[in-house]
J.: 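One structure, pasted below without further comment.
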Amino acid sequence: MNYKYKRGDIVIIYGPGENDGKFYEYRIAVIIDRDPYFKDYNVRFYDGTEDWILPKYIYQKI
């Protein structure tokens, strides 16, 4: 399948995460995986934390 973001892409997150509802404001992250059912992305931030983010909160690739 062709997704907008692929594993290993570096992106900017601006929006709430789905694990605990934490709001990420212009945080840089790496795409880990995509859930084909819910269509959200699992991302890893540079501090080592991970969260699920909806695609509408993921912005440009770096």
Side-chain angles (χ1 to χ4, degrees):
M1 296 228 124
N2 293 330
Y3 300 125
K4 186 173 182 179
Y5 304 105
K6 300 192 182 326
R7 288 183 187 160
D9 284 348
I10 300 172
V11 295
I12 296 175
I13 307 297
Y14 186 84
E18 295 188 13
N19 285 348
D20 58 356
K22 183 176 179 181
F23 190 84
Y24 300 104
E25 189 170 345
Y26 300 112
R27 297 266 316 263
I28 297 175
V30 177
I31 301 290
I32 298 174
D33 199 12
R34 181 178 186 267
D35 187 341
Y37 182 75
F38 292 107
K39 297 180 175 54
D40 53 354
Y41 288 88
N42 189 10
V43 299
R44 179 179 296 133
F45 298 100
Y46 284 115
D47 61 359
T49 60
E50 295 181 7
D51 206 347
W52 290 93
I53 307 291
L54 291 173
K56 64 182 179 180
Y57 302 124
I58 300 175
Y59 294 97
Q60 66 195 28
K61 289 195 279 186
I62 296 176

J.: Check Tyr5 against Ile58 and note the closest heavy-atom contact, atom names and distance.
T.: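 Taking Tyr5 first and Ile58 second, the nearest heavy atoms are OH-O, 3.2 Å.
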J.: Measuring from Arg7:CZ to Arg34:CZ, what's the distance to the nearest 0.5 Å?
T.: 11.5 Å
J.: Could you list the donor-acceptor pairs under 3.5 angstrom formed by side chains in residues 10-21, with sequence neighbours left out?
T.:
| from | atom 1 | to | atom 2 | distance (Å) |
| --- | --- | --- | --- | --- |
| Asn19 | ND2 | Glu50 | O | 3.3 |
| Asn19 | ND2 | Asp51 | OD1 | 3.3 |
| Asp20 | OD1 | Lys22 | N | 3.2 |

J.: Report the residue from Ile31, Ile32, Asp33 that forms a side chain to side chain contact (heavy atoms under 4.5 Å, CB included) with Val43.
T.: Ile31
J.: Any chain of hydrophobic side-chain contacts (each under 4.5 Å) joining Tyr3 to Trp52?
T.: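 Hydrophobic grouping puts Tyr3 apart from Trp52.
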J.: Holding to ring pair (Phe, Tyr, Trp, His ring centres under 6.0 Å), I want the full list of residues that pass it with Tyr24, two or more places apart in sequence or in another chain.
T.: Phe45
J.: With ILVMFWY side chains joined below 4.5 Å, transitively, what does Tyr37's cluster contain besides itself?
T.: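 So far as hydrophobic clustering goes, Tyr37 is joined with Phe38.
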J.: Determine the minimum heavy-atom distance between Tyr41 and Lys4, stating which atoms define it.
T.: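 In this case the closest contact between Tyr41 and Lys4 is OH-N, 3.8 Å.
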J.: Would you say Tyr46 has more than 12 foreign heavy atoms packed within less than 6.0 Å of its OH?
T.: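 Yes, because the 6.0 Å sphere around OH of Tyr46 holds more than 12 heavy atoms from other groups.
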